[in-house]
Amino acid sequence: MRPAYLDNNASTRVDPDVVGAMLPFFTEHFSNPSSMHASRGPVSAALVDARRSVQRLVGAANADEIVFTSGGTESDNMALAAALGAAHGRDEIVTTRVEHAAVLACCKHLEMSMGITVRVVPVDAYGRLDLGAYERALGPRTALVSIMMANNETGTLFPVDVLARLAHEAGALFHTDAVQAVGRIPIDAAASGVDLLSLSGHKLHGPKGIGALYVRRGVRLRPLLRGGHQEGGLRPGTENVPGIVGLGRAADLARTRMPEQDGRIRILRDRIERGIVEQVDRGHVLGDSDHRLPNTSCIAFECVDGQALVRLLADAHVGVSSGSACASGAVEPSHVLRAMNVPFGTARGAIRFSLSRDNDDSDVDRVLAAVPTFVRSLRNRSTAWRRAQNPPTDRSQIHSHAFVETHPQ
Ligand SMILES: *Cc1c(COP(=O)(O)O)cnc(C)c1O
């Protein structure tokens with residue numbers, strides 16, 4: 001049986017149409033685009049077409065505002081390096097507690113190596129940005145703001161057009177990590193006012209190792225790599241032609257299919273949520289349900305080890321992610337759930353369902369058949385769950401439960 005794959009925020013299946021578009025650029029059209037004889041050939045033409053396709057998908061005003069990179073991580077790093085090229089006297093970056101590691105780790109590095117100050121804005125229990133704290137973080141020293149368009153764990157959407165306007169009023173550049181949003185919701189980079197926008201091929205049914213950074217005309221960027229003149233000198237190195245062609249085709253498919261697929265995916269996602277909440281006690285849907293990607297649902301089960309649940313589901317050929325990571329032996333809820341102040345006993349039971357146009361009702365049926373059963377069986381083995389069901393009446397019982405819990409079998 002085909003596995004039920006519900007981990008599309010981690011990566012997506014490359015569309016067979018994308019593979020088909022890429023193949024000739026491995027076998028036949030393999031010239032270096034910088035070779036003089038290639039300048040009139042299919043390789044150069046394919047790069048032009050792919051750039052236009054990405055331009056259309058993100059609503060950029062000009063094709064030369066699209067810079068191809070090796071993926072979301074490089075695009076984020078390149079955008080943050082732009083802060084260093086910004087006006088003198090500005091040495092602060094404003095970001096949020098729930099960004100992807102590609103932004104947060106890069107900020108930390110800039111802080112350590114360049115002496116830049118990073119102001120990290122908190123979110124509320126729904127993962128929504130604290131707007132007051134954001135406005136207070138902006139100031140005459142802010143060089144760049146980096147705030148994601150959609151959170152990869154909860155799907156929560158951030159109002160980037162409003163946030164970009166506030167950043168501009170403070171004289172700062174605005175970058176958005178739109179890796180989870182591009183191809184899933186309509187984007188109009190030109191109208192939204194963002195200066196820089198990151199996207200990644202493998203999150204939208206394109207290949208891994210290819211992405212792009214939208215750079216609004218007039219924004220000066222400092223390249224991360226030094227070398228040739230490719231990508232306007234911003235990203236030297238022989239172009240990943242098959243990858244770029246694949247990203248271009250993936251962008252065309254996303255743009256043309258989004259109108260019909262968006263509603264269908266949302267209905268499947270909502271079926272999962274409703275079905276689980278109806279069948280399982282104390283399951284909580286995390287994130288901002290009013291402003292959320294149509295494909296993402298993060299559900300936290302009290303008194304359940306989310307990683308154990310993910311393993312049971314994997315054995316039943318259902319692929320999902322957990323909202324916790326094993327940091328040096330101890331299970332730690334993700335930085336996103338901690339930023340939302342989700343109680344530990346709930347956050348450790350969080351799992352993420354993320355859908356794509358490849359999913360259908362049979363995947364949802366399998367989730368709804370498996371998850372409630374596995375949650376019940378894990379809870380039957382959980383001391384914390386039994387205690388929550390039958391609160392102990394005397395102190396000796398409390399003591400013995402505490403002992404059992406700190407010495408798991
Ligand atoms: C996946 C992801 C990235 C990293 O993209 P890669 O292409 O895998 O480097 C960055 N930001 C977000 C929000 C992501 O989900």
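Whatever order the structure lists ligands and atoms in, that order sets their numbers, starting from 1.
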Counting C-beta onward and ignoring hydrogens, is there a side-chain heavy-atom pair between D177 and M149 closer than 4.5 Å?
no
Checking contacts here: is it the side chain or the backbone of T73 that comes within 4.0 Å of ligand 1, counting heavy atoms only? Could be both or neither.
both
We want to know whether Q180 and R184 form a side-chain donor-acceptor pair, criterion being a heavy-atom distance below 3.5 angstrom.
yes
Only one of D262, N359, N9, N8 passes side chain to side chain donor-acceptor pair (under 3.5 Å) with N295; say which it is.
N9
Which is it for K203 and ligand 1 at heavy atoms under 4.0 Å: side chain, backbone, both or neither?
side chain
Using modelled atom types only, decide if a donor and an acceptor are shared between the side chain of T142 and the backbone of G139 within a distance under 3.5 Å.
yes
Can you list the ligand 1 atoms lying under 4.0 Å from a non-hydrogen atom of H202?
6 (P), 7 (O), 8 (O)
Counting only nitrogen or oxygen atoms and a 3.5 angstrom limit, does Q180 reach ligand 1?
yes
Indicate yes or no: does an N/O atom of D177 lie under 3.5 Å from an N/O atom of ligand 1?
yes
Would you kindly specify which portion of D76 sits under 4.0 Å from ligand 1, judged on non-hydrogen atoms: side chain, backbone, both or neither?
side chain
So which of R264, R366, R271 actually passes salt bridge (Lys or Arg N to Asp or Glu O under 4.0 Å) with D361?
R271
In terms of side-chain geometry, is the basic nitrogen of D281 or R376 positioned less than 4.0 Å from the acidic oxygen of its partner?
no
Starting from atom 6 (P) of ligand 1, what is the nearest protein heavy atom, named by residue and atom, and what distance separates them?
G72 N, 3.5 Å
